[in-house]
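Notes follow the structure.
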Amino acid sequence: MNPHFQITYEQTEEDVAALYVYYYLKSSVHRKKRFLKTWWPLLFGIGLVLVFKGFDVHRYQWSDFLFILFVLCLLIFRKPLDQWYLKKQAKKLLKRGKNTDLTGSRTLIFLDETLVTITDSTKSETRWSAFECLAETELYFFLFVHVNSGIIIPKHILKTPQEVIAFRSFLKERIA
């Protein structure tokens, strides 16, 4: 069996955090939570001011405008704050328990029928039919085996743009 691609790289905490953030931001499970986190402060804050002050702008004090500005800032910076928090949580999870295989050296061997993953302590073989989906970001390919777990492939390990295109094409042929 001749491999189509063979990649060896160090998987870092940042890589695992990127998968965690991607899953959270794209997951339909978390969509309602994100919606509530985004709009609830805005609606509650402005609603509070309107209940106590009404629509007459002349009754507002500086503190009311500052409060509304604060609520708008929460809304504007919600996504970066969420990403920062999620990365922090992912790194915290990595430090707990036996997560030694999530980071460190790994080799991925891409064959016609399977993907072979070799880490410092394990070797596994996964049929292409076991993958649920392929996701791509600016920096990564994610091969999802389950809804919330997958194989992380940083794009920087592929040397040229042509190699990235060929790799993407290879993956798309195998993961429906």
Side-chain angles (χ1 to χ4, degrees), residues 1 3-39 75-176:
M1 292 185 160
H4 291 275
F5 291 93
Q6 181 167 333
I7 301 171
T8 301
Y9 63 99
E10 285 289 319
Q11 187 162 289
T12 65
E13 287 181 356
E14 283 296 318
D15 298 333
V16 176
L19 177 69
Y20 191 75
V21 169
Y22 180 86
Y23 166 71
Y24 181 82
L25 293 177
K26 298 296 181 184
S27 167
S28 60
V29 173
H30 297 289
R31 190 169 289 136
K32 282 184 183 176
K33 289 180 185 177
R34 285 193 316 272
F35 178 80
L36 288 174
K37 278 184 179 180
T38 302
W39 291 102
L75 180 65
I76 291 168
F77 296 110
R78 184 87 219 154
K79 190 172 181 178
L81 284 172
D82 276 352
Q83 289 180 348
W84 170 81
Y85 177 75
L86 289 168
K87 284 180 182 179
K88 184 179 165 188
Q89 288 300 104
K91 289 177 181 180
K92 192 187 236 182
L93 282 171
L94 283 172
K95 289 182 184 5
R96 275 194 270 158
K98 287 194 167 199
N99 295 312
T100 55
D101 245 11
L102 292 177
T103 58
S105 178
R106 61 190 61 245
T107 299
L108 303 176
I109 304 169
F110 297 85
L111 303 171
D112 281 327
E113 300 296 321
T114 60
L115 169 61
V116 178
T117 305
I118 304 168
T119 67
D120 292 334
S121 58
T122 64
K123 179 180 179 180
S124 65
E125 198 167 327
T126 310
R127 292 189 183 281
W128 289 112
S129 59
F131 290 98
E132 289 189 9
C133 73
L134 165 66
E136 182 178 357
T137 67
E138 187 178 322
L139 300 175
Y140 296 96
F141 287 105
F142 299 121
L143 310 177
F144 285 97
V145 181
H146 301 290
V147 175
N148 62 353
S149 68
I151 295 172
I152 305 162
I153 304 167
K155 285 185 177 178
H156 69 82
I157 59 175
L158 300 167
K159 309 279 185 273
T160 64
Q162 292 79 11
E163 201 172 297
V164 172
I165 292 167
F167 187 69
R168 179 186 302 117
S169 172
F170 174 81
L171 292 175
K172 284 184 176 181
E173 285 174 11
R174 282 155 182 78
I175 302 173

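The only option from I151, I153, I152 that meets the side chain to side chain contact (heavy atoms under 4.5 Å, CB included) definition with Q11 turns out to be I152.
Screening residues 155-164 for salt bridge (Lys or Arg N to Asp or Glu O under 4.0 Å) gives E136-K155 as the qualifying pairs, with residues at least two apart or on separate chains.
Taking the side chain to side chain contact (heavy atoms under 4.5 Å, CB included) definition, one finds that A166 meets it with F5, sequence neighbours left out. Scored by the side chain to side chain contact (heavy atoms under 4.5 Å, CB included) test, V116 finds I109, L111, T114, I118, K123, E125 as partners (sequence neighbours excluded). Y9 is linked by a ring pair (Phe, Tyr, Trp, His ring centres under 6.0 Å) to nothing, counting only residues two or more places apart in sequence or in another chain. Contacts of T107 classified as side-chain hydrogen bond (donor to acceptor under 3.5 Å, both in side chains), with partners at least two apart in sequence or in another chain: T8. Applying the ring pair (Phe, Tyr, Trp, His ring centres under 6.0 Å) criterion to F77, with sequence neighbours excluded, gives no partner residue. With sequence neighbours excluded, the residues forming a side-chain hydrogen bond (donor to acceptor under 3.5 Å, both in side chains) with T122 are D101, T119, listed by chain and number.
Within the 4.5 Å cutoff, the side chain of F141 has heavy atoms near those of the L134 side chain.
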Starting from the C-alpha separation in whole Å, work towards a yes-or-no answer on side chain to side chain contact (heavy atoms under 4.5 Å, CB included) for L139 and H156.
-> CA-CA 7 Å; L139 300 175; H156 69 82; over 6 Å; no

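The minimum heavy-atom distance linking D112 with W128 is given by the pair O-CD1, 3.2 Å. Scanning both residues, Y22 and T137, for their nearest heavy atoms gives CD1-CG2, 3.6 Å.
Residues F144 and Y23 keep their aromatic ring centres 6.0 Å or farther apart.
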Please list, one pair per line, the donor and acceptor atoms closer than 3.5 Å that link side chains of residues 12-21 to other protein atoms, with sequence neighbours excluded.
unit_1: T12; atom_1: OG1; unit_2: E14; atom_2: N; d: 3.4
unit_1: T12; atom_1: OG1; unit_2: D15; atom_2: N; d: 3.3
unit_1: T12; atom_1: OG1; unit_2: D15; atom_2: OD2; d: 3.3
unit_1: E13; atom_1: OE2; unit_2: K95; atom_2: NZ; d: 3.1
unit_1: E14; atom_1: OE2; unit_2: K91; atom_2: NZ; d: 2.3
unit_1: D15; atom_1: OD1; unit_2: Y140; atom_2: OH; d: 2.7
unit_1: D15; atom_1: OD2; unit_2: T12; atom_2: N; d: 3.0

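The structure places NE2 of H4 at 11.0 Å from OG of S169, a figure rounded to the nearest 0.5 Å. Between L108 atom CG and I7 atom CD1 the span is 6.0 Å, to the nearest 0.5 Å. Distance check: R174 CZ to L115 CG gives 11.0 Å after rounding to the nearest 0.5 Å.
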